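The structure appears right after this line, and notes come after that.
Note that the structure is a prediction, hence the values are computed from the model and not measured.
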Amino acid sequence: MASETVTVRLETDDDGSDAIEVPRAIVEMLGEADEDTTTVVGDLAMLGIAQQAHALVHHSHGDADAELEEAEELAMDLFEDRFGQSYGEVTGHSH
């Protein structure tokens, strides 16, 4: 019998690392038929980062500074590179 969870390990270029346990059934439901766990979790991570970047720039109190706006623009470019669609197209939310 397969485990109910799967461990996903994350690493960065600067020697940082972490591991998270995720429910196997949820990952399988969220992915396409041929996608592996790492792709599904990577997609979710990119989506989460894009959502947070968007919220920081467009839905926070006060004005975002230029550095934050540039970081959000980069996040949106990386999102579009990964998914082949803009954040607005995927979520139906744009400004």
Side-chain angles (χ1 to χ4, degrees):
M1 181 170 135
S3 172
E4 291 182 12
T5 64
V6 61
T7 301
V8 178
R9 289 174 184 73
L10 308 163
E11 295 181 14
T12 63
D13 293 339
D14 62 358
D15 296 329
S17 65
D18 196 1
I20 59 172
E21 293 286 320
V22 295
R24 186 179 302 273
I26 298 297
V27 172
E28 289 172 357
M29 283 188 268
L30 292 173
E32 300 290 324
D34 60 342
E35 286 183 315
D36 60 24
T37 299
T38 56
T39 299
V40 175
V41 174
D43 286 352
L44 291 170
M46 181 57 74
L47 177 60
I49 289 168
Q51 287 173 326
Q52 293 300 310
H54 176 83
L56 287 169
V57 171
H58 299 285
H59 299 287
S60 293
H61 297 289
D63 292 329
D65 64 21
E67 183 179 0
L68 181 55
E69 288 179 353
E70 288 176 21
E72 189 254 359
E73 185 176 332
L74 176 58
M76 294 306 156
D77 288 345
L78 294 169
F79 181 95
E80 192 165 344
D81 289 347
R82 184 169 184 105
F83 296 107
Q85 297 179 65
S86 72
Y87 178 79
E89 291 169 324
V90 169
T91 64
H93 181 85
S94 63
H95 294 263

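At most 12 non-hydrogen atoms from other residues, nucleotides or ligands lie less than 6.0 angstrom from CG of D13. No more than 12 heavy atoms of other residues, nucleotides or ligands sit less than 6.0 Å from atom CD of E73. Applying the 6.0 Å contact sphere to CD of Q85 captures more than 12 heavy atoms from other residues, nucleotides or ligands. Applying the 6.0 Å contact sphere to CG of D81 captures more than 12 heavy atoms from other residues, nucleotides or ligands.
Here the CG atom belonging to D18 is positioned 11.0 Å from the CD atom belonging to E11, to the nearest 0.5 angstrom. If you take OH on Y87 and CE on M46, they are separated by 12.5 Å, rounding to the nearest 0.5 Å. One finds the CG atom of L56 at 10.5 Å from the NE2 atom of H54 (value rounded to the nearest 0.5 Å). Interatomic distance, Q52 CD to L47 CG, rounded to the nearest 0.5 Å: 10.0 Å. The distance from the OG1 atom of T7 to the CD atom of E21 is 3.0 Å, given to the nearest 0.5 Å.
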Decide side-chain contact (heavy atoms from CB on, under 4.5 Å) for E72 and L68; before the verdict, give the C-alpha distance in whole Å, the side-chain angles of both, and the deciding distance to 0.1 Å. CA-CA 6 Å; E72 189 254 359; L68 181 55; 5.5 Å; no
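Counting only distance, with no hydrogens or angles, the side chain of S60 and the backbone of A55 share a donor-acceptor pair below 3.5 Å.
Note: the hydrophobic cluster containing L74 does not contain V57 (ILVMFWY, side chain heavy atoms under 4.5 Å, direct or indirect links). Linking ILVMFWY side-chain heavy atoms closer than 4.5 Å, directly or via other members, places V8 and L30 in a single hydrophobic cluster. Cluster annotation: L10 is not connected to I49 through the hydrophobic network of ILVMFWY side chains, with a link wherever side-chain heavy atoms come within less than 4.5 Å.
The shortest non-hydrogen separation linking T39 to R82 is O-NH2, 3.4 Å. Between A64 and E69, the closest heavy-atom pair is O-OE2, 3.5 Å. For the pair A50 and M76, the tightest heavy-atom approach, listed with the atom from each and the gap, is O-CE, 3.2 Å.
Taking the six-membered ring for Trp, H93 and H59 have ring centres closer than 6.0 Å.
Residues D43 and F83 form a side-chain contact, since some pair of their non-hydrogen atoms from C-beta on lies under 4.5 Å apart.
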